[in-house]
> 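Before I ask anything, let me first share the structure, which is written out below as structure tokens.
The chains referred to below are lettered A, B, ... by the order of the sequence lines, with proteins before strands, and numbering in each begins at 1.
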Amino acid sequence: MAEELSKGFEPKEIERHWYAYWQEHGVFAASDAPDDVRPRYVLPMPLPNVTGSLHMGHALMCTIEDVLTRAHRMLGFNTLYQPGTDHAGIATQVVVERQLKRDNLTRHDLGREKFIERVWEWKGECGSRIVEQQQVLGLSADWDRSVFTMDAGYSRAVREAFVRLHHEGLIYRAKRLIYWDCTAQTVLSNLEVDSEEENGELYEFAYPVEGGGEIVVATTRPETMLGDSAVAIHPDDERYTALHGKFVLHPFLDRKIPIVCDAILVDPNFGTGAVKVTPAHDFNDFETGRRHQLELIEIFDAEGRVNAAGGSFAGLERFEARKAIKRALDERGLARGSKNHRLMIPRSQRTGTVVEPMLSTQWFVKTEPLAKPALEAVRTGKTVILPEEWAKTYEHWMTNILDWCISRQLWWGHRIPAWYCEACAHTTVVNAESLAACEKCGSDSIRQDEDVLDTWFSSALWPFATQGWPDDTLQLRRFYPASDLETGYDILFFWVARMMMMGLHFMGEPPFKRILLHSLVVDETGKKMSKVVGNVIDPLDLIYGSEFENVVQKALPGAPLDEALKKFKKAYPSTASMGASFEAYGTDALRWTLCSYSPHSKRIPLSPKKIEGNRHFCNKIWNATRFALGYVEGATVGPDAPKATLLINRWLLQRLDDACVEAKRGIDEFRFDDATARLYQFFWGELCDWYLELSKPVFASEDEAPRNETRDVLAYTLEATLRAMHPFIPFITEELWQRLPKPVGSPVSIALSALPVAGVGRADPDAVRDMAIVQAVIGAVRTIRSEREVHPGAHVPVILRVGDDVLRAMLEQERMSMETLMKTSSLVLIRPGHERPDGGAVGHVAGVEVLVLLKGIVEQAGETARIERELKKAQKDIDALEKKLAAKGFADRAPPEVVKETEEQLAAHRERVRVLDAARSFAEEL
RNA sequence: GGGCGCAUAACUCAGCGGUAGAGUGCAUCCUUCACACGGAUGAGGUCACAAGUUCAAAUCUUGUUGCGCCCA
């Protein structure tokens, strides 16, 4: 047995040690053995960006997934937690381009080949930082199977998927209005664009109407007027009835523009009620253009500069053009003022640039035929979404799904396997890295499409491309479909929905049985974590501890320290009482905390105080075990609960069973909050607060039989409880479990032991009922002692008057327990009506009259007030119950058991009143 | 504008048809031989508002108000 436990729980060394131990012993490995007949549990890890680093969202996700993984492993499943990393096309390319920019270089200076080499180099430099950080969190992924989305095998799968979809007509190339990132100079899918409300202005200017007069339009983007091909008004707007069918004249370009009526685009109450329409650079306008067959006039080039269509404004950058246009309108006397306006600005998720709607030729996935089966799978319950409210969101998105633009004008990624023939204009689409000749005419004058695929296209294949697809491998058969897919709801559309579509299409069945969605980690006040707000917390700072000064320097780099600290404290009010740093809370405390939030609330307001509290819980576990270790030596721990005769032992085994059943249910139903709360309550509230306290007099007694029984029950329960908690807090449970007596033949690690399920304890409802009475009686004495300010060290005589003979006999049995926790030297059990000495306080619980003799212990009488208070409370309850019973229809329409229960409650309260009332004099006899 | 969701103790949140729960915080007492990262006790809530369904509503329905998020 290892060295003695330290007085307090110190996570750091333990965590390092056991993670290495698990890896050494291959604890995380899934089995490929053909004869392995265990049921399978497969969880594909949402792949982090290869160059990324761990944030709070990862910590939450990884923790939840590892709990699921560990629990299933302990339930006897052949468990695969499939790890991997994503090449993250645009994100990675943007970072490397920024690095080049420092040397005043662009990717074009290097050329495609050299640039890609450079990205690979950087990937190497980042190494496996993210993976190491995930390991700090204790993830039990099968790291030997880790897959990178640019691996040769995975790349082949990506090309295969593209080629097949293309041949089936589900991928096509077309010119469409898309979102254009002028910085990265690539198209983005609508999901990669985030719109945020920002300050802007609503600018008004007048278009001269042909034949005289003018119409004033309101716009947030005056520069796009260069591409206007209509002015729209509401057909019912009486202000403009006279203008129906007329034209306006473009002030800068030689163009006549129609005035059209459109009830969909125009809100007559907004702005001037007249809207300029730019179909080539706005999605709503594009649709309007379709409805009215308007001309599409493109006015920007790829860098966001005005093109030749902009006449004298050509060459100006977008925002310069805005100023120039406003100036020009002003000069022509057409400006009609402006006002401040909040508007949604769409920005690229990766570069932060305001994206530009542009017309462009791109590759698209035809989503509707793919979405149908994906929708069906959820509707029929083949795939279940939890929490279920998300099913509605999924349904809504899938039924309104748009075609998915999958080409990107980037270099880092899977190059589109399409070759254009210069001789015959045929497009060859084949699964190959290079192609020699056109498949149609045989010409070698071909060139490959320059673009790469959207990263999400490759990750959509994750559940099967990781297992060897398109080959029919043993792995693929064994580990597809996955069991659960767990991820943040923010990538429900990006990733989950697309995996559903691809999985169903290529494999014929949905990629997972359940989709589990967790919430977003936000700061303590409910705000999103962001670099701008300065409220980002690095999970490693919580695990290893960190001065707040360090924390905020990372959260708000470059900002003055005072300011950063102020923002941080505001975002995390609970740190006010924490001094100047996070202590090292350890992975377990962080994991437990993250699991304790309900998945139903969409936000998880991270509270450092809560993590601190859960480190205290770990410390409690540590010390309770330290206490137990002093007594459990030589205990026999078998596979089943030991025999128990003592009430505390019988009770504990029943409560153990209850706790484990509920914890298991919580895990099964994706309610880790319930599971952790129950285990917390059992360990602290029952095992520590009651059982350990009550075991002390047993261990101190002379009697060997009860001592041995208690020793065995304690050892058994503690060992089982550690197993039940292991999925949530793997490190501390392993450390302590290794030191406890265990059943013979226990595995090398708690991670491979069995998760306790129903039957781990022993059913004993009588014990629970009796123990509740003992607890209530002890509580009554404690309350009286506390309220009458009896010194905690003082021993006071207690008399219990009990009418029920069976009950009195039971309490007599528990004399030792009660004497210890009541701190009494003289406990007497008598029948009601039996004589009693003078002076004291009275309580009444569970049919037991509790008399605490205070004569000579407290000076003054003064019990009357307390009794009056109790009586008043009881009377209030009686009134409510009587009212309920008397209410018309209750007796005959409510279920009989409810009526009976109500009557019993009423009787109990009346008895209580009778006893308390009779005790008034007793209280004044001091 | 469309969709989804939330309003419960000072704070953060569970509960979702039978007379309100947890953690933290607060108050009082206790350094008792596992733990002061501890123990005991206590205070604190017309469950946003209004109407309805029901024998019974924090819990179901509708409306109102306030607040989030997603999509446009």
> Does a side-chain N or O from A/His616 land closer than 4.0 Å to OP1 or OP2 of B/rG38, or not?
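It does, given that an N or O in the side chain of A/His616 lies less than 4.0 Å from OP1 or OP2 of B/rG38.
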> Is it true that A/Glu612 and A/Lys609 make a salt bridge, defined as a side-chain N closer than 4.0 Å to a carboxylate O?
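Salt bridge between A/Glu612 and A/Lys609, a charged N being under 4.0 Å from a carboxylate O: yes.
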> Do the numbers put A/Lys696 on top of the ring of A/Tyr631, so that NZ or CZ is under 6.0 Å from the six-membered ring centre and no more than 45° off the axis?
no
> Looking across every strand, which nucleic acid part, if any, lies under 4.0 Å from A/Lys392 by heavy atom: base, sugar-phosphate, or nothing?
sugar-phosphate
> Applying a 3.5 angstrom cut-off to the pairing atoms, does RNA chain B sit in any stems of at least three consecutive Watson-Crick or G-U pairs? List them by first number.
B:1-7 with B:65-71, B:10-13 with B:21-24, B:26-30 with B:38-42, B:48-52 with B:60-64
> Between A/Asp658 and A/Arg655, does at least one N-O distance fall below 4.0 Å, as a salt bridge requires?
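Yes, charged N to carboxylate O under 4.0 Å.
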> What is the separation between atom OH on A/Tyr631 and atom P on B/rC33, rounded to the nearest whole Å?
12 Å
> Show each protein N/O and nucleotides 13-16 of chain B N/O combination with a separation under 3.5 Å, one pair to a line.
from	atom 1	to	atom 2	distance (Å)
B/rA14	O3'	A/Arg671	NH2	3.4
B/rG15	OP1	A/Arg671	NH1	3.2
B/rG15	OP1	A/Arg671	NH2	3.2

> For A/Trp684 and A/Phe617, take the angle between the two ring planes, folded into 0 to 90°, and tell me which bin it lands in: parallel under 30, tilted 30 to 60, perpendicular over 60.
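The arrangement is parallel - the two ring planes meet at less than 30°.
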> Which part of the nucleic acid, if any, lies within reach of A/Trp684 when heavy atoms closer than 4.0 Å are counted: base, sugar-phosphate only, or nothing?
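If one applies the 4.0 Å heavy-atom cut-off, A/Trp684 turns out to touch the sugar-phosphate alone, with no base involved.
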> Could you give the CZ-to-P distance, from A/Phe683 to B/rA22, as a whole number of Å?
20 Å
> If you assign each of A/Lys888 and A/Asn619 to its closest nucleotide in RNA chain B, which residue comes earlier from the 5' end?
A/Asn619
> Applying ring-ring contact (aromatic ring centres under 6.0 Å, His included), can you list everything that pairs with A/Phe731, at least two apart in sequence or on another chain?
A/Trp22
> Do you know which two heavy atoms are closest between A/Ala371 and A/Ile401, and how far apart they sit?
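Shortest heavy-atom contact: CB-CG2, 4.0 Å.
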> Send over the distance from A/Glu789 CD to B/rA27 P, rounded to a whole Å.
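Interatomic distance, CD of A/Glu789 to P of B/rA27: 17 Å.
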> Taking the six-membered ring for Trp, is the centroid-to-centroid distance between A/Phe493 and A/Tyr394 below 6.0 Å?
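Not under 6.0 Å, so no.
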> For a quick check of understanding: with a heavy-atom distance under 4.0 Å over all strands, which category does A/Lys7 fall into, base, sugar-phosphate or nothing?
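Contact class for A/Lys7: sugar-phosphate only.
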> Identify all pairs in which a protein N or O lies below 3.5 Å from an N or O of nucleotides 18-20 of chain B, and state each distance.
from	atom 1	to	atom 2	distance (Å)
B/rG18	O2'	A/Lys884	NZ	2.7

> Decide yes or no, distance alone: a donor-acceptor N/O pair under 3.5 angstrom between the base of B/rA34 and the side-chain of A/Lys696.
yes
> Side chain of A/Lys823: nearest nucleotide among B/rC37, B/rU32, B/rC70?
B/rU32
> Can you pull out every side-chain hydrogen bond (donor to acceptor under 3.5 Å, both in side chains) where at least one residue sits in residues 775-786 of chain A? Sequence neighbours excluded, please.
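The answer is none; no pair qualifies.
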> Would you indicate what A/Cys688 reaches in the nucleic acid, counting non-hydrogen atoms under 4.0 angstrom: base, sugar-phosphate, or nothing?
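Result for A/Cys688 = base.
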> Are OP1 or OP2 of B/rG68 and a side-chain N or O of A/Lys527 less than 4.0 angstrom apart?
no
> Starting at CZ of A/Arg615 and ending at P of B/rA36, how long is that distance when rounded to a whole Å?
12 Å
> Which nucleotide, B/rA72, B/rA34, B/rA40, lies nearest any side-chain atom of A/Ala624?
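Nucleotide nearest to A/Ala624's side chain: B/rA34.
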> Just to confirm, is there a sub-4.0 Å distance from OP1 or OP2 of B/rA36 to any side-chain nitrogen or oxygen of A/Lys620?
no
> In plain terms, say whether A/Glu702 and A/Arg707 are close enough for a salt bridge, that is, a side-chain N and a carboxylate O under 4.0 Å apart.
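No, A/Glu702 and A/Arg707 are not salt-bridged.
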> Just N and O in the side chain of A/Thr625: are any of them under 4.0 Å from OP1 or OP2 of B/rA34?
no
> For A/Asp689 and for A/Gly889, locate the closest nucleotide of RNA chain B by heavy-atom distance; then report the residue assigned to the nucleotide nearer the 5' terminus.
A/Asp689
> Checking A/Glu719 now: which residues fulfil side-chain hydrogen bond (donor to acceptor under 3.5 Å, both in side chains) with it, not counting sequence neighbours?
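Only A/Arg723, A/Trp737 meet the side-chain hydrogen bond (donor to acceptor under 3.5 Å, both in side chains) criterion with A/Glu719.
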> If the threshold is 4.0 Å, N to carboxylate O, is there a salt bridge linking A/Arg671 and A/Glu662?
no
> If I take atom CZ in residue A/Phe617 and atom C1' in nucleotide B/rG38, what distance separates them, rounded to the nearest angstrom?
15 Å
> Thinking salt bridges, do A/Glu882 and A/Arg910 make one under a 4.0 Å N-O criterion?
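Yes.
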> Give one of base, sugar-phosphate or nothing for A/Glu693, where a contact means two heavy atoms less than 4.0 Å apart.
base
> Check the distance between B/rA22's P and A/Tyr597's OH and give it to me in whole angstrom.
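Interatomic distance, OH of A/Tyr597 to P of B/rA22: 19 Å.
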> Under a 4.0 Å N-O cut-off, is there an ion pair linking A/Glu287 with A/Arg291?
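So A/Glu287 does not pair with A/Arg291 through a salt bridge.
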